[in-house]
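Worth saying up front: this structure is predicted, and the values here are computed from it rather than measured.
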Amino acid sequence: MQGEGQKAANQLVLSFLSVRRAIGALGFFLPVALLVASLFEPGGLRTSISAYYYSPMREIFVGTLIAQAVFLWSYEGFRPDAGEWITDRRMARTAAVAIALVALLPTTGPAHSCTALQCLLGPVLSATVHFLAAGVFFGALAVFCLKLFVKGQVDGTEKRASNRIYRICGWLILGSIAAIGILDLTGLDERLATLRPVFWLETVASFAFATSWAVKGDSLRPLVHGVARII
């Protein structure tokens, strides 16, 4: 029979895996749910994921982001080394606060009654905080991919393959967010609005972070095995 210490360790591992899988699942769920909804609701595909706040999918949008915030806030990760500043817990809680702000401070949109925070900050500042918070959220998740998830000894092909996946996901996140920033600064997002570039870039970033957390949660083993065979 297992000792109490072993049982506690097993429960901790299962808890880590469950939270990682939940974060990954929500990252996959939201863009897919919005895409499917766009096939049936008036207006079709919106210009961005955030624009779905002003659609019949508002509750799904806000609820999913708040759920992500809760799971991220509850994620402890591994115990940091002495003096280590970039830790699982700090990055997860940074991402949690950021994504909660994205949900509670909607982007600019049609005239509507303001949320509590929007009424407090005003529409212009609220939209700015929303945009910056989205960048912080994805930036924190890129840090997980490029620094935190790849920590540890590379002791086999699976770890090497997982690290390759994490790094690809991290650079996809950073590339997507950089591209969104360029589109916004140059005004190309408005000129290319019919193509919905911001929505697709946000979807790429969401799928990338979802994939990294799913791999870390040990729920995409076929992907890891496939990458392991080609490296």
Point to revise | Criterion side chain to side chain contact (heavy atoms under 4.5 Å, CB included) on V198 and T47, from CA distance to verdict | key: CA-CA 6 Å; V198 174; T47 55; 5.9 Å; no

Practice item. Not counting sequence neighbours, list each pair that qualifies as a ring pair (Phe, Tyr, Trp, His ring centres under 6.0 Å) and has a residue in residues 205-231. Key: F28-F207, Y75-W213, F137-F209, F144-W213, F149-W213

Heavy-atom count around [X] [atom1] within 6.0 Å, excluding the residue itself: above 12?
X    : atom1 : value
R90  : CZ    : yes
F199 : CZ    : yes
K147 : NZ    : no

Check your understanding: Would L146 and L174 satisfy side chain to side chain contact (heavy atoms under 4.5 Å, CB included), going step by step from the backbone distance to the final call?
Key -> CA-CA 10 Å; L146 297 173; L174 292 179; 3.7 Å; yes

Practice item. I would like to know whether T107 and Y53 meet side chain to side chain contact (heavy atoms under 4.5 Å, CB included); could you show each step before the answer? Key: CA-CA 8 Å; T107 187; Y53 180 86; 5.8 Å; no

Does [X] reach the side chain of [Y], with side-chain heavy atoms less than 4.5 Å apart?
X    : Y    : result
L188 : R191 : yes
L105 : Q118 : yes
S48  : E202 : yes

Can you give me the closest heavy-atom contact between [X] and [Y], atom names plus distance?
X    : Y    : result
A100 : I66  : CA-CD1, 4.3 Å
V215 : L223 : CG2-CD2, 4.3 Å
F71  : V19  : O-CG1, 3.6 Å
L72  : A95  : CD1-CB, 3.9 Å

Exercise for review: Determine, stepwise, if the pair S206 / I49 fulfils side chain to side chain contact (heavy atoms under 4.5 Å, CB included).
Suggested key: CA-CA 10 Å; S206 294; I49 289 177; 4.1 Å; yes

Check your understanding: Can you name the side-chain contact (heavy atoms from CB on, under 4.5 Å) partners of A134, sequence neighbours left out?
Key -> V102

